[in-house]
Colleague: 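Pasting in a structure now, in structure tokens, and then I'll have a few things to ask.
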Amino acid sequence: MDNKDRITIVGIARLEGIEVIDGGDTLGVRLRGANEREITLLVPQQVAADLQANLNVSLQEAQDRRRAR
């Protein structure tokens with residue numbers, strides 16, 4: 001396995017904040033890791049929109065599965 005195939009997994013304890021930067025083109029998503037270190041993700045606006053849409057769908061599907069039990 002070379003470095004480009006490696007997966008990085010980070011446990012997140014909480015969301016610290018979100019800042020709009022780059023004139024609105026990028027979001028700075030500040031998270032607090034399980035080890036109490038701050039992690040900042042720089043997320044392009046389009047990726048953030050895709051993430052939001054996917055989160056909404058996935059969370060709704062999970063909620064529907066729980067209700068069906």
Side-chain angles (χ1 to χ4, degrees):
M1 175 188 316
D2 64 33
N3 284 340
K4 71 177 179 155
D5 294 329
R6 287 190 161 183
I7 297 172
T8 301
I9 298 172
V10 179
I12 300 300
R14 66 184 175 269
L15 174 67
E16 293 290 323
I18 298 175
E19 285 82 31
V20 178
I21 59 176
D22 262 351
D25 293 336
T26 305
L27 297 178
V29 180
R30 296 185 304 109
L31 306 163
R32 184 66 54 186
N35 62 0
E36 288 299 315
R37 293 184 66 183
E38 186 171 301
I39 300 157
T40 301
L41 302 175
L42 299 178
V43 184
Q45 186 275 339
Q46 186 56 57
V47 174
D50 292 344
L51 176 61
Q52 180 183 24
N54 280 278
L55 280 171
N56 289 337
V57 168
S58 295
L59 291 171
Q60 184 62 54
E61 288 173 352
Q63 190 175 41
D64 292 344
R65 280 193 302 274
R66 280 193 297 274
R67 285 186 188 140
R69 288 186 206 171

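Scope of the values below: all heavy atoms of this structure, side chains included, with no hydrogens, waters or symmetry mates.
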Colleague: Kindly write out the residues that satisfy side-chain contact (heavy atoms from CB on, under 4.5 Å) with Arg37, not counting sequence neighbours, or none if the list is empty.
Modeller: Asn35
Colleague: By the side chain to side chain donor-acceptor pair (under 3.5 Å) test, which pairs, at least two apart or in different chains, include something from residues 44-53?
Modeller: Gln46-Asp50
Colleague: Ala13 and Gly33: which non-hydrogen atoms are nearest, and at how many Å?
Modeller: CB-O, 3.9 Å
Colleague: Through direct or indirect side-chain contacts below 4.5 angstrom among Ile, Leu, Val, Met, Phe, Trp and Tyr, which residues connect to Val10?
Modeller: Ile12, Leu15, Ile18, Val20, Leu27, Val29, Leu31, Ile39, Leu41, Val43, Val47
Colleague: Hey, what else clusters with Leu42 if you join Ile, Leu, Val, Met, Phe, Trp, Tyr whenever side-chain heavy atoms sit under 4.5 Å?
Modeller: Ile21
Colleague: Who passes side-chain contact (heavy atoms from CB on, under 4.5 Å) against Ala34, sequence neighbours left out?
Modeller: none
Colleague: Just jot down the salt bridge (charged side-chain N to carboxylate O under 4.0 Å, His left out) partners of Asp64, sequence neighbours excluded, or say none.
Modeller: Arg67
Colleague: Tell me which pairs pass salt bridge (charged side-chain N to carboxylate O under 4.0 Å, His left out) where either residue lies in residues 14-24, with sequence neighbours left out.
Modeller: Arg14-Glu16, Arg14-Glu36, Glu16-Arg32, Glu19-Arg30
Colleague: Among Ile, Leu, Val, Met, Phe, Trp and Tyr joined by side-chain contacts under 4.5 Å, find the other residues sharing a cluster with Leu51 and list them by chain and number.
Modeller: Leu55
Colleague: Taking atom CZ of Arg65 and atom CD of Gln60, what is their separation to the nearest 0.5 Å?
Modeller: 10.5 Å
